[in-house]
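This is a predicted model, so every value here is computed, not measured. Per chain, numbering begins at 1; letters A, B, ... match sequence-line order.
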Amino acid sequence: MSGWRAAGLTYIRYSNIAAKLVREALKPELRAAATKRDDSSVRMTPWKDGKPNKGATIPGAE
Amino acid sequence: MNNFGRVLAAVPSCVAQQQQARGMATLKAISIRLKSVKNIQKITQSMKMVSAAKYARAERDLKQARPYGEGAAAFYERAEVTSTEEKPSKLLIAVTSDRGLCGAVHTGVARQIRNELATDDGSTKVVCIGDKSRAILQRLYGKHLLLVANEVGRKPPSFLDAARIATEIAKLDFTSGKIIFNKFKSVVSYQVSDLPLFSLDSVSKAPKITTYDSLDDDVIKSYMEFSLASMLYYAMKEGACSEQSSRMTAMDNASKNAGEMIEKLTLTFNRTRQAVITRELIEIISGASAL
């Protein structure tokens, strides 16, 4: 079992962290374009019995 | 009952309009109407331009995103994965967006889900990506909703968007499922399609999983997580591209219709104006001859 899995990360989380590090390691002129790809505005709300559970909303942007 | 009332209410106003049909007041009314339709046409035309630019970008992005979805789908097909659970709980993921004014893209996806839910015993759950599918499904099938993602469609979808949604979906409990989205075919056509989802169990028990070398549970688990994110990414890209192309067509049609209306209104405007002039002339002449 790999270390990141033991630490409780999923593969997606693990690869996102890796991708972030790679982006930060880029040369400045390439980094600007790459950081643009690294944002997310999607907001998620869990629903139960036909009602949104607003308290548990996961806001956008990392 | 409600409709009946509306018909009754409409009758007197109709009569009032006819009585007023030739006069200064309608001339003014027509010119106001004409102006507002012209403004609407300007708006729809510029919306068409905007979505044309966005569409060009979405199509370029889609080309790059296709391998993600096709690769993931090919894996399930080659390994001949089928759902093996005894107590199935299905998950349907509706990929739409927050934005309207784009023809039937959202209703197509929602209709597909409604059809599936109609023949269901209550074990099927729904995840809505985008406010539009939520708004359509909420009233009848609100109890089936598990998760709603919004703020989709303002910007082109990024992989991080898909990854974050996939992380949340992976936390939900399901044995099989479908991602339902609009597959982009050409500028004028798209089709509601789906990608299959399976549980970890049914993948590791798949009959032809041995086609793939050196797989252990850990690798399969990691791949499952990744493939969910990449399939979502692909579906969101396809959806975004179909949406923009459909909005382009819808806005083009709206501008055309506004153009037709403007033509008709200009004609009635000119006719009414002449009628008013003629009537005034008659009044003057008959007034003069009566002297």
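Interatomic distance, A:Thr10 OG1 to B:Lys171 NZ, rounded to the nearest 0.5 Å: 9.0 Å. Between the CG atom in B:Asp131 and the OG1 atom in A:Thr45 there is a gap of 8.5 Å [rounded to 0.5 Å]. Considering OG of A:Ser41 and NZ of B:Lys155, their distance stands at 4.5 Å, rounded to 0.5 Å.
Among the candidates B:Val152, B:Ile165, B:Thr167, the residue making the largest number of heavy-atom pairs closer than 4.5 Å to chain A is B:Ile165. Each of B:Leu147, B:Leu145, B:Asn150 has some count of heavy-atom pairs under 4.5 Å with chain A, and the biggest count is that of B:Asn150.
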Exercise. Please lay out, stage by stage, how A:Met44 and B:Val148 fare under the test side chain to side chain contact (heavy atoms under 4.5 Å, CB included).
Key: CA-CA 6 Å; A:Met44 283 168 285; B:Val148 172; over 6 Å; no

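Counting heavy atoms of neighbouring residues, nucleotides and ligands inside a 6.0 Å radius, atom CG of B:Asp216 exceeds 12 of them. Atom CZ of B:Arg57 is surrounded by 12 or fewer heavy atoms from other residues, nucleotides or ligands within 6.0 Å. A 6.0 Å sphere centred on CD of B:Glu77 holds no more than 12 heavy atoms belonging to other residues, nucleotides or ligands. Within 6.0 Å of CZ in B:Arg66 there are more than 12 heavy atoms belonging to other residues, nucleotides or ligands.
Looking at B:Ser158 and A:Arg37, their side chains never bring a donor and an acceptor atom within 3.5 Å of each other.
Interface residues of residues 221-247 of chain B toward chain A, defined by a heavy-atom distance below 4.5 Å and sorted by number: B:Lys221, B:Ser222, B:Glu225, B:Phe226, B:Ala229. Contacts of residues 134-141 of chain B with chain A at a heavy-atom distance below 4.5 Å involve B:Arg134, B:Gln138, listed in sequence order.
Under the 4.5 Å side-chain criterion, counting only non-hydrogen atoms from C-beta, A:Asp39 is not in contact with B:Leu160. Using a 4.5 Å heavy-atom threshold, the side chains of A:Asn16 and B:Arg164 count as separate.
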